[in-house]
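Inspection log for the structure reproduced underneath, given as structure tokens.
Below, chain A is the first sequence line, B the second, and so on; all start at residue 1.
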Amino acid sequence: MRYLITTALAYTNGPLHLGHARSTYIPADIMYKYLKLRGEEVIHVGGTDNHGVPITLTAEKEGKNPEEIVEKYHNEIKEDLDLLGVEFDAFGKTHSQIHIETAQEFYLKLKENGYIYEKEIEQFYCPNCKKFLPDRYVEGICPYCGGEARGDHCEVCGRHLEPFELKEPYCVICKGKPEIRKTKHYFFKLSALKDELEEYIKNAEEMPEHVKNMALNWIKELHDWDISRDISWGVPIPGTNQVMYVWLEAPIGYISFTKMLGDVWKKYWLEKDTKIYHFIGKDITVHHAVFWPGMLIAHGSFNLPTAVISGGYLTLEGRKMSTSKKWVVWVKDFVKNFDADYLRYYLVMSAPLFKDCDFSFDDFKNKINNELINIIGNFTHRVLTFTHRKFKKVPIVDEGRLKEEDKELLKKCEETIKAVDKNIRSFKFRDALVNILHLAIEGNSYFQKMEPWAVKDEERLKEILYTCCKTVKTLIYLLYPYMPKKSLALLELMNEELDLNLRGNELKKPKIIFKKIDDKKIEEMKKKLYENRKEEKGGKEMEQIDISYLEKIDLRVGEVIEAEDIPKSKKLLKLIVDLGDEKRQIVSGIKGYYKPEDLVGKKVIVVCNLKPAKLCGVLSEGMILAAEDDEGNLALLTVDKDIKAGSKVR
RNA sequence: AGCGGGGUAGGGUAGCCAGGUCCAUCCCGCCGGGCUCAUAACCCGGAGAUCGGAGGUUCAAAUCCUCCCCCCGCUACCA
């Protein structure tokens, strides 16, 4: 059996953060290193995704051309991966000759097989920017709920919108008004592949259950896929002046980058007996479990994915990560202060891969110091120092002569090896690491029971320490995929090879391999993170305004006279507010903070001259003011003592 | 709104698909004791859980069914 491991192509408009590391790269690298360690034929292929409009936008913002942006972030991303200890056999770019050719050949084959057709469609065109605008680059008002909508999707009510349903559309680049123009687009007949996809998914034995469920659900309603874009940055569609939609060409990168290795690529993509594992983040599960296999089926020659391993999301200190709000920890900043192997350990240990989990600095410190170091670090260290002091080398004894309790620990080693194998091969990286931790606990317990420090009989002492060293060697071997650097450092002290044998070699002078995490560094990192957040929100950064600006806002006191829930919304309540001379209906996003009945009678501050809008289909003629803190607590603004409804606020 | 995942002791997590072996696993934390080879580390023992809520099926439910609540994500260009 041959294994091809791929990791999601990183998008070259920013470096990697801890979320990328946890959901995709670290698990994949563990799988890769493990299979390699077991002597399997395995390669890891990855790279960066360089096309699509966001790159051109970033380029414009930074006053550079797209190639420069791509180059910059491609290199940064690769450096981040190196820092994490993630290894690749091939790491490519989608903006490269080999990929562009491969993607075009792929496309032509789809066409030849009858899966591509042309259709004239109408699309937004921005006369100002002189370009057609892909969906996401037009914003406007949702015709159903009056909320803000982007392209074909309303952010507020979540409806899918037909093109041009959008009211008051504007171009996100120049804010100008786009016009509608006709253009010829190419479509991929995804809908024709329903039966084949269903059969594929149902028979994909190693595909995780939740991925299967999602995929099967998705194919119930498959749309054909508009795969052309009227922009210039991308893989040109042969014979046109358009480029391919990135989700058509990017996954082909898995093939193109394998080609970087020469003819062996054929073994992985064309010959049977290959397992293909795609490691991705959960947001792109459908692309990998439905669209990509659909493309491969339509193409007809390549192996299909054996499994799509979709990693859960990582929150930071209990809150959603956000690069724009600077609520993020970048890989390169993290590894400046802490060992990458500690990160690998922590991110795997925190939760099973498919689940979301949280990264917190305090928890990181606790888990590393109290679990990894106290249990595993301490066991390996006490065994090596003690053995070194007594014998200077690993004593080799005849295993047949060992006592029951020795044999029991050695048996536990064997069992752990088996359990780890089973768990890693079924993507249960955390479970396997727990198996390893348990072996170290058993080791400590054995050491304690045997009391080698009190054993006078040298032969017996050799037996005990042989058993301990064998256990340490097993730990080093099994830990290698998780913590390669630490594992190799221990191996160095043992003067050993990366396998399960003991050679009786002379031990190097022991030193501490697993150093505890420094509180100061934790505090530094936390401080930096929280300060970023303050800066972002802080008043200093805001532009100063003239008092006349304030006069433009009509603020008045209003009394809530009716309040009811808007059932189909997540956050909205409908309020009727008395403003003295009139009553107004106002929709407010405070569901969950206030019960409708508690609001009635409250005096609130209302922005009266706000442009009316429909939210979730309900008209809102104003806005009530509320304060919100870091923890997401919300409080309505009200008046200090009773005052007439309709009073002006100034 | 639809879909996917999740809600189990202070935190994390196993068990759930194939109901009894579960007065519920493991790791951290907490409490008590022991040890001294070891990074104030280690070992032994203990306390701590209405298994999100309400019904139902069953001799038997954390596990199956129904309804509800809460958290996260996706919905086609953010791991």
Side-chain angles (χ1 to χ4, degrees), chain A residues 7-11 13-14 16-25 49 51-55 134-137 151-153 157-160 190 209-211 213-215 217-218 220 223 225-226 229 245-247 250 279-287 290-291 310-315 320-324 349-352 354-358 360 362-363 366-367 369-371 373-375 377-387 389-390 430-431 433-435 437-438 441 443-454 468 510 512-516 567-570 592 616:
Chain A
T7 33
L9 305 188
Y11 200 54
N13 64 350
L16 296 184
H17 56 62
L18 299 188
H20 298 104
R22 124 95 182 180
S23 67
T24 306
Y25 298 103
D49 171 12
H51 295 134
V53 187
I55 304 268
D135 289 340
R136 298 276 141 172
Y137 290 85
D152 56 356
H153 175 248
C157 69
R159 267 194 194 82
H160 178 82
L190 190 62
E209 210 58 32
H210 63 279
V211 174
N213 290 344
M214 209 176 203
N217 211 285
W218 207 273
K220 282 182 196 156
H223 304 273
W225 213 17
D226 181 353
R229 291 292 182 272
Y245 173 47
V246 289
W247 272 114
F279 284 79
I280 56 161
K282 70 175 180 180
D283 56 327
I284 53 174
T285 306
V286 174
H287 302 88
V290 178
F291 307 156
S310 80
Y313 263 41
L314 190 69
T315 51
K320 234 203 286 191
M321 276 199 219
S322 162
T323 49
S324 59
M349 207 42 143
S350 281
F354 74 96
K355 264 195 183 181
D356 293 339
C357 76
D358 184 53
S360 106
D362 291 335
D363 191 46
N366 289 339
K367 269 230 159 58
N369 286 351
N370 302 341
E371 200 176 276
I373 298 180
N374 287 355
I375 297 173
N378 183 241
F379 176 65
T380 53
H381 187 243
R382 74 200 291 206
V383 168
L384 293 183
T385 44
F386 196 83
T387 311
R389 186 180 312 139
K390 292 288 177 184
R430 180 182 187 274
D431 289 354
L433 193 48
V434 169
N435 297 144
L437 184 71
H438 282 164
I441 290 173
N444 272 323
S445 177
Y446 171 86
F447 201 100
Q448 187 74 23
K449 261 185 241 147
M450 293 303 120
E451 300 188 328
W453 57 88
C468 287
I512 289 176
I513 300 298
F514 292 91
K515 280 213 183 81
K516 290 223 176 183
K568 63 181 170 179
S569 75
K570 267 187 196 164
C616 259

Euclidean distance for [atom1], [N] against [M] (whole angstrom):
N     : M     : atom1 : answer
B/C44 : B/C35 : P     : 15 Å
B/C27 : B/C43 : P     : 10 Å
B/G46 : B/U50 : C1'   : 22 Å
B/A38 : B/G7  : C1'   : 41 Å
B/G29 : B/C37 : P     : 23 Å
B/C26 : B/G32 : P     : 22 Å
B/C17 : B/C64 : P     : 5 Å
B/A9  : B/U25 : P     : 13 Å

Mind checking whether [X] and [Y] have side chains closer than 4.5 Å, heavy atoms only?
X        : Y        : result
A/His287 : A/Ile280 : no
A/Thr315 : A/Asp356 : no
A/Leu314 : A/His20  : no
A/Pro510 : A/Arg389 : no

Regarding [X], tell me which of base, sugar-phosphate or nothing describes its non-hydrogen contacts under 4.0 Å with the strands shown.
X        : answer
A/Phe291 : base
A/Ile375 : sugar-phosphate
A/Lys320 : sugar-phosphate
A/His51  : nothing
A/Gly19  : base
A/Ile284 : sugar-phosphate

(request) Might you point out which heavy atoms bring A/Val246 and A/Gly52 nearest each other, and give the distance in Å? (result) CG1-N, 3.4 Å

(request) Give the minimum heavy-atom separation between A/Ala10 and A/Leu16, together with the two atoms involved. (result) CB-CD2, 4.1 Å

(request) Nearest-nucleotide wise, let me know which of A/Lys282 and A/Glu371 is further upstream toward the 5' end of RNA chain B. (result) A/Glu371

(request) Using the closest heavy atom to pick a nucleotide of RNA chain B for each, name whichever of A/Tyr446 or A/Ala10 lands nearer the 5' end. (result) A/Tyr446

(request) Return the set of residues passing side chain to side chain donor-acceptor pair (under 3.5 Å) with A/Thr323 (not counting sequence neighbours), or none when no residue passes. (result) none

(message) At under 4.0 Å between heavy atoms, how does the protein contact nucleotides 31-40 of chain B? Give one character per nucleotide, 5' to 3', with B, S or -.
(response) ---BSSBBB-

How many whole angstroms separate atom [atom1] of [X] from atom [atom2] of [N]?
X        : N     : atom1 : atom2 : result
A/Arg430 : B/U25 : CZ    : C1'   : 11 Å
A/Leu314 : B/G73 : CG    : C1'   : 13 Å
A/Tyr313 : B/G6  : OH    : C1'   : 16 Å
A/Asp431 : B/U25 : CG    : P     : 17 Å
A/Phe379 : B/C42 : CZ    : P     : 13 Å
A/His210 : B/C16 : NE2   : P     : 17 Å
A/Met349 : B/A14 : CE    : P     : 12 Å
A/Asp362 : B/G29 : CG    : P     : 14 Å

(request) Look at the aromatic rings of A/Phe447 and A/Phe379 and report parallel, tilted or perpendicular, splitting at 30° and 60°. (result) perpendicular

Just name whichever nucleotide pairs with [N], Watson-Crick or G-U, keeping both distances under 3.5 Å, else none.
N     : value
B/A1  : B/U75
B/A40 : none
B/U25 : none

(request) Give a yes or no on whether the backbone of A/Lys282 and the side-chain of A/Thr285 come within a donor-acceptor separation of less than 3.5 Å. (result) yes

Looking at [X], does any N or O in its side chain come under 4.0 Å of the phosphate oxygens OP1/OP2 on [N]?
X        : N     : value
A/Asn370 : B/G29 : yes
A/Ser445 : B/C44 : yes
A/Asn366 : B/G11 : no
A/Asn217 : B/G4  : yes

(message) Quick check: A/Phe291 with A/Trp247 (ring centres under 6.0 Å apart)?
(response) no

Counting only side-chain heavy atoms from C-beta out, which of [options] sits nearest to [X]?
X        : options            : result
A/Phe354 : B/A76, B/G5, B/C27 : B/G5
A/Met214 : B/A76, B/G4, B/G29 : B/G4
A/Leu437 : B/C27, B/C3, B/A76 : B/C27

